[in-house]
Amino acid sequence: MLEGMPRPLPNLDTQPFWDGCQEERLLLPRCSACGEGRWPPGPMCPACQSQDVDWIESSGRGRVYSWIVANHPVHPVLTGQVPYVVAMIELEHNIRLVGNVMGCAPDEVEADLPVEVIFERLEDGRQLPNFRRVETAE
Amino acid sequence: MSALRDAAAAVGVGETTYSKESGRTELSLACEAIKKAAEDAGVAIEDIDGLVRYDMDHVDEAALTSHLGLKNLRWMSQVGYGGTGGNAVVVHAAAAIAAGAAETVVCYRALNERSGVRYGQGATWMKDEVGGAEAFQMPWGMLTPAHLFGQFARRHMIEDGTTSRQFGAVAVALRRHASLNPRAMMRTPITIEDHQASRLIADPLRLFDCCIESDGACAVVLTAADRARSLRHAPAWIMGVSQGSGSRTSGIVFRDDLAVAESTYTAAEVYRSAEVGPEEIDAAMIYDHFTPFVIFSLEAYGFCEPGEGGSFVEDGRIEVDDVLPVNTHGGNHSEAYIHGLPHVIEAFRQLRGTSTAQVESAELILSCSSVAQLSAAVILRKD
Ligand SMILES: [Zn+2]
């Protein structure tokens, strides 16, 4: 993970996601009534207005949907950390997570690049999901 | 017919000098812009009975009303979503006037965005801990607007073959218009090669794809139809308005399709309420925080087919003497970044015939904003 970034503040709607990360499981919210994915996690299904949710373990495999390369350090803490990639990773159930693409140079990132989840530890012991390139996707 | 159609008109505008360092408080800037707008309209300060602000504006409302000498306010509101506000403030003012809740409403924006709080700086947005959608963005270094909006630009390139040189064509057009505008902060013309040589900020966004940062304030006075006809200048009629959204705008980047503008929804409503179509629009003032969003808006507002905005902007087609003049003041990109409200002022100026890049026989102008979140649009008509 990049150093010096804001840490996520869990709330009652998102806590299971962060708890899953501590166990190295990528748990994503899916509507119990209609199966629609929700992202970011929230209290109601936008497709059917159900408030029931199941937390389903993701395969962690996805593809790059879009990305930018942060070339300019927008904060002094990033001076030694640019360039870095911020990508939108397409997973199951119409859910896209933000992540960095590890394991390749920024100029090797391309649309539909297959990636898989990894978990990275912050200084305070909390773990966050991130993504690295895989050679072949299922 | 929409109850809002022609119920209100823009009757006066005011602007401070735009600069990198105003040396003044935002309150002082706001007072000057509103005073000038009232003078331009020919209405007394005490005749202003409505006030609409951006929720991001730092000026304390109570201080503003006290120092300006507003005595008869009976209606106040504010609008969110940053650059959306440029047009949404006008939508709120027109709605209040149409409903009879106020007769003469002022909309304003004041900010020291260069010498004060800079939106392009990570420090502006950084906190120790972040909740809501930001909790799923900032820990991975998605910090500034360029990091968010660059995702849309990339997706447009992936799906539609749009190129950085086409973003450059937008930059060239906007700068050319600014070169004619003495209020503009960036007036030196540029070429596509200059754009291509500018450094990458958040690839695919280059420096010359980004709006400038500036200090200043501006204001627009609107009033009811009967009053508008009695004032000294010809009014610019608020013919159509819309403000709204489609789905999943939380966190900006979690929308279903990043290659299509959110404002497709707003576009349909603004044309419906004005009872006109894009083929009747003489010029467009498009919120240009980043150049690709001119391309997105041209598609969303029906000036070209979806996916064809990149080729539409080539060969000077959005310049003043061509197919669809866009941002004839130079926009956020080259005039000043006062959060999109100068776009409404330029629409007004075009209809009054006083633009520095005047469009021949301009009758109908579209002003529209923000294509990634909840958005707003206004169609103004010459008297
Ligand atoms: Zn559902």
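What you see below is based on every heavy atom in this structure, not just the backbone, and it leaves out hydrogens, waters and symmetry mates.
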Best-contacting candidate, [options], against chain A by heavy atom pairs under 4.5 angstrom:
options: B:Gly141, B:Ala259, B:Gly251, B:Gly131; answer: B:Gly141
options: B:Gly150, B:Gly122, B:Ala123; answer: B:Gly122
options: B:Ala133, B:Ala202, B:Ala146; answer: B:Ala202
options: B:Gln121, B:Gln137, B:His147; answer: B:His147

Do [X] side-chain atoms and [Y] backbone N/O form a donor-acceptor pair below 3.5 Å?
X: A:Arg96; Y: B:Asp256; value: yes
X: B:Glu134; Y: A:Pro6; value: no
X: B:Arg155; Y: A:Tyr65; value: yes
X: A:Asn71; Y: B:Asp203; value: yes

With a cut-off of 6.0 Å (strictly less than), are more than 12 heavy atoms of other residues, nucleotides or ligands near [atom1] of [X]?
X: A:Gln22; atom1: CD; value: yes
X: B:Lys20; atom1: NZ; value: no
X: A:Gln49; atom1: CD; value: yes

Non-hydrogen atoms of chain B under 4.5 Å away: do they reach the side chain of [X], the backbone, both or neither?
X: A:Met88; result: both
X: A:Pro129; result: both
X: A:Arg126; result: side chain
X: A:Leu122; result: neither
X: A:Val82; result: neither

Let me confirm one number: the [atom1]-[atom2] distance from [X] to [Y], rounded to the nearest 0.5 Å.
X: B:Met126; Y: A:His75; atom1: CE; atom2: NE2; answer: 4.0 Å
X: A:Trp67; Y: B:Gln151; atom1: CH2; atom2: CD; answer: 9.5 Å
X: B:Glu159; Y: A:Ser66; atom1: CD; atom2: OG; answer: 9.0 Å

Non-hydrogen atoms of chain A under 4.5 Å away: do they reach the side chain of [X], the backbone, both or neither?
X: B:Arg255; answer: backbone
X: B:Ile158; answer: side chain
X: B:Ile201; answer: both
X: B:Arg199; answer: side chain

Original post:
Looking only at heavy atoms, what is the nearest atom pair of A:Leu9 and B:Ala135, with distance?
Top reply: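 Taking A:Leu9 first and B:Ala135 second, the nearest heavy atoms are N-CB, 4.2 Å.
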**OP:** Please name the pair of heavy atoms, one in A:Ile68 and one in B:Pro204, separated by the smallest distance, quoted to 0.1 Å.
**Re:**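 Minimum heavy-atom separation between A:Ile68 and B:Pro204: CG2-CD, 4.2 Å.
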**OP:** Flag the pair A:Met5 / B:Leu143 as yes when at least one side-chain heavy-atom distance between them is below 4.5 Å, and no otherwise.
**Re:**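 Side-chain contact under 4.5 Å: yes.
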Please rank [options] by heavy-atom pairs under 4.5 Å with chain B and give me the top one.
options: A:Pro40, A:Pro106, A:Pro46; answer: A:Pro40
options: A:Leu2, A:Asn100, A:Asn130; answer: A:Asn100
options: A:Asp112, A:Ile95, A:Asn94; answer: A:Asn94

**OP:** Check the pair B:Trp140 / A:Phe131 against ring-ring contact (aromatic ring centres under 6.0 Å, His included), numbers first and verdict last.
**Re:** CA-CA 11 Å; B:Trp140 294 271; A:Phe131 294 89; 8.7 Å; no
**OP:** Could you label the plane-to-plane angle of the A:Trp39 and B:Phe136 rings as parallel, tilted or perpendicular, counting under 30° as parallel and over 60° as perpendicular?
**Re:**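 A:Trp39 vs B:Phe136 ring planes: perpendicular.
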